[in-house]
Structure formats: C-alpha cells, structure tokens
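Scroll down for the structure; my scribbles are underneath it.
Any value given below was found using the heavy atoms of this structure, including those in side chains, with hydrogens, waters and symmetry copies removed. Each chain gets a letter, A, B and so on, in the order the sequences are listed, and its residues count up from 1.
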Protein chains: 2
Amino acid sequence: MPVSRDDWTELALTALRRAGYRAGGARRQVIELLGGEECALTALEIDRRLDSVGRASVYRALEQLEQLGLVQRLEVGGEAAGYERRDPGGEHHHHLVCERCGAVVPFADEDLERAIDAVSDASAFRVLSHEVVLRGSCGACAGAKPRQAA
Amino acid sequence: MPVSRDDWTELALTALRRAGYRAGGARRQVIELLGGEECALTALEIDRRLDSVGRASVYRALEQLEQLGLVQRLEVGGEAAGYERRDPGGEHHHHLVCERCGAVVPFADEDLERAIDAVSDASAFRVLSHEVVLRGSCGACAGAKPRQAA
DNA sequence: ATCTGTGCAAATAGTTTGCATCCTC
DNA sequence: GAGGATGCAAACTATTTGCACAGAT
C-alpha cells in the first residue's frame with residue numbers, strides 16, 4: 001500500500017532529519033509543495049510558486065531529495081527537467097507526452113513494470129530506478145489535425 | 001530486417017532530398033557520422049568531431065532529422081541530449097545508464113516492447129515513439145563500491 | 001538568379017556555484 | 001557559538017536565433 005500525499009511529506013521530512021539535514025524553511029516548502037502534487041513539476045515552476053524561496057535552494061532541495069530516493073527526476077521535455085515525489089513502497093507511474101501541446105499524462109501498467117524488472121534482473125547493472133516516456137499526440141491534438149493527413 | 005549503417009545513411013539523404021531539402025555539406029556530414037554510430041551522440045560531441053561544421057548547423061540538422069523520424073532524440077543524462085539514428089523498420093533499443101560513471105549501455109527486449117505497444121494501443125494518444133531509461137550502477141561501479149556499504 | 005544552407009557570434013534558458021548572512025541545533 | 005541552510009547574483013552549459021555570405025538548383 002503506497003503512502004498518501006501527507007504521509008509522503010512526513011516521510012520526506014523525517015528522512016531528511018535522519019540523514020542529518022537541518023530543518024530550514026526552504027526545503028520544507030519544496031517538500032510540502034511536491035507532496036501535494038500528483039505529477040511532475042519543473043524546478044522553475046516550483047521556484048515560481050514559492051516566492052520566499054530562492055531558486056538555488058529549490059535546486060539544492062531537489063537534488064538532496066533525489067539522492068535520498070524521495071523524488072524522481074524526469075527528463076520529459078527537451079527543456080526543463082521534471083521532479084515528482086516517489087513513494088518508497090512502489091506504486092509509480094510513467095508518462096505520455098504530447099509533442100504538439102506539451103500535455104503530460106501519467107499512466108501505470110503492471111505488465112510494463114514486470115518486463116522492466118525482468119530486464120533489470122537480467123542485466124549486469126544494479127538498477128535503481130527507471131523511466132518510460134511515450135511520445136506522440138494526445139487525443140485532442142491527434143483529432144484536431146490527423147497528423148500528416150495528406 | 002533492419003537497414004544497415006550505410007543503408008541508413010542513404011535512406012536519410014534520400015528522405016531529406018524528397019522532403020525538399022537541398023544537399024549542403026553540413027547536414028551530410030552529420031548524417032554520415034550518425035550512420036556510423038550504434039548508439040547516441042550528443043550535439044556537442046558531433047560538433048566537436050566535425051571541425052568544418054558549425055554548432056548551429058549540427059542542431060539544425062538534428063532537429064530536421066528528428067522530425068523526419070530518422071533520428072531519435074534521447075534524454076539520457078541530466079546534461080546534453082543524445083541523438084541516434086533510427087531504423088524505420090523497427091529494431092530499436094533502450095538504455096541502461098550508470099549514474100556513477102556515466103556509462104550508457106544499449107539493450108533490447110521483446111517483452112518490453114510488447115508491453116509498451118499494449119499501453120500505447122490502450123491509450124488515447126497516438127504514440128509515435130518511446131524511450132526507456134534504466135538507471136543505476138553498472139557492473140564495475142556496483143562491484144567497486146557496493147553502493148552505500150556502511 | 002534565387003533561395004536554401006551554413007558559420008559565426010550573440011542571445012536565451014536552465015542549472016550550478018560563490019559567498020555573506022541567517023537560523024537551527 | 002558553530003556549522004549547516006538560504007538567498008542573491010554571477011558563472012556555466014546547452015541550445016537557439018539573427019544575420020551576412022556561400023552554395024545548390
């Protein structure tokens with residue numbers, strides 16, 4: 001059973017404390033913001049939403065959280081990287097990205113996870129995380145302009 | 001049956017000509033370089049290897065090739081994007097990335113592809129491409145330093 | 001001759017770093 | 001009081017754009 005949003009916030013704060021970090025205000029705000037989001041936010045979006053927090057602190061917090069495995073960094077678009085909370089228990093998702101309008105839609109699939117686990121096990125790597133991105137046109141964009149309709 | 005390196009080079013040059021592009025030297029050099037590579041190169045690596053080609057031309061060529069579906073852009077590391085040739089026929093691979101040493105190792109897996117196709121078909125998106133990245137430590141790095149060994 | 005392709009350099013955008021200060025422990 | 005945490009601004013890196021010129025058709 002995955003933890004809930006608020007639980008994740010608690011978890012993250014605790015994990016940081018146990019990792020020897022002090023409780024400053026910037027990091028806490030980043031954590032609380034991420035805890036309330038289902039999907040990824042870019043560092044700049046986070047910075048924009050947190051007036052009293054400096055941009056550098058946002059990046060620093062995200063890096064620390066990523067290293068502790070509490071946040072997953074995603075290379076979704078060609079521009080900024082996305083960051084989203086990661087429930088230690090499992091229950092994670094991947095993304096469908098519309099190349100036309102930029103929409104990012106999360107999805108989850110058991111078979112896909114199994115296939116990835118099998119590849120991970122068979123490889124010489126010690127795989128710690130993975131990321132799947134499906135690109136194309138979302139329903140609206142594909143419908144609006146059937147892509148290369150003669 | 002996938003096309004071979006040289007075939008891909010030919011194919012790309014033909015596709016560009018048919019798409020109405022003229023045959024300048026910069027683009028040809030980028031294509032020939034990519035045609036000879038199995039795995040991804042960053043735009044800067046390409047620029048570095050092609051003395052007589054301007055950096056901007058490299059980016060422009062890569063963008064055009066990507067749009068024609070001849071090149072796949074990868075968001076592998078946190079830094080530069082990678083570009084590799086894409087055989088229209090199929091036969092494509094994904095990547096294992098070592099977060100310690102930066103090694104990028106390609107792999108292919110049928111079951112994984114099937115799972116992705118199933119998700120694609122079930123989604124509302126018109127999926128045109130996909131990318132899977134497995135992150136962790138490569139054999140050497142994992143062995144050398146058992147990751148968080150007390 | 002025309003109009004695209006190219007190289008150079010400047011402009012952008014995202015991310016990182018240096019440093020003085022603030023605040024937690 | 002000591003040392004980490006933070007904000008600001010400057011530094012960097014990757015990528016894009018403007019523009020004049022070369023080259024392809």
**OP:** Calculate, to the nearest 0.5 Å, the distance between atoms NE2 and CD1 belonging to His94(B) and Ile116(B) respectively.
**Re:** 4.5 Å
Original post:
With a 3.5 Å cut-off and just heavy-atom distances, do the side chain of Arg22(B) and the base of dC3(C) make a donor-acceptor pair?
Top reply: yes
Does [X] place a side-chain N or O at less than 4.0 Å from the phosphate oxygens OP1/OP2 of [N]?
X: Arg55(A); N: dT15(C); answer: no
X: Ser57(A); N: dA5(D); answer: no
X: Tyr59(A); N: dT16(C); answer: no

Original post:
Quick check, are the ring centers of His130(A) and His92(A) under 6.0 angstrom apart?
Top reply: yes
**OP:** Could you check which of dG5(C), dT15(D), dC8(D) has an atom nearest any side-chain atom of Ala56(A)?
**Re:** dC8(D)
**OP:** Select one nucleotide: of dT15(D), dT15(C), dG7(D), the one nearest the side-chain heavy atoms of Leu44(B).
**Re:**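 Side chain of Leu44(B) sits closest to dT15(D).
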Base, sugar-phosphate, or nothing: which does [X] touch, judged by heavy atoms less than 4.0 Å apart?
X: Arg60(B); value: base
X: Gly20(A); value: nothing
X: Ser52(A); value: sugar-phosphate
X: Ala23(B); value: sugar-phosphate

Quickly work out the [X] [atom1] to [N] [atom2] distance and round it to whole Å.
X: Arg28(A); N: dT6(D); atom1: CZ; atom2: P; answer: 10 Å
X: Glu45(B); N: dA14(D); atom1: CD; atom2: P; answer: 10 Å
X: Gln67(B); N: dT16(D); atom1: CD; atom2: P; answer: 11 Å
X: Leu65(B); N: dG5(C); atom1: CG; atom2: C1'; answer: 14 Å
X: Arg48(B); N: dT15(D); atom1: CZ; atom2: P; answer: 11 Å
X: Glu79(A); N: dT16(D); atom1: CD; atom2: P; answer: 9 Å
X: Leu41(A); N: dG14(C); atom1: CG; atom2: P; answer: 15 Å
X: Gln64(B); N: dT6(C); atom1: CD; atom2: C1'; answer: 11 Å

Original post:
If we only count heavy atoms from C-beta on, is the Val97(B) to Leu134(B) side-chain gap below 4.5 Å?
Top reply: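 Sidechains of Leu134(B) and Val97(B): no contact.
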Original post:
Distance only, no hydrogens: is a donor on one side chain within 3.5 Å (strictly under) of an acceptor on the other, for Glu84(B) and His93(B)?
Top reply: yes
Original post:
For DNA chain D, whose closest nucleotide is more 5', that of Ala43(B) or that of Asp51(A)?
Top reply: Asp51(A)
Original post:
Toward the 5' end of DNA chain D, which comes first, Val53(A) or Tyr83(B), by nearest nucleotide?
Top reply: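 Mapping each residue to its closest nucleotide by heavy atoms, the 5'-most match is Val53(A).
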**OP:** Check Phe125(B) against Cys98(A) and note the closest heavy-atom contact, atom names and distance.
**Re:** CE2-N, 3.6 Å
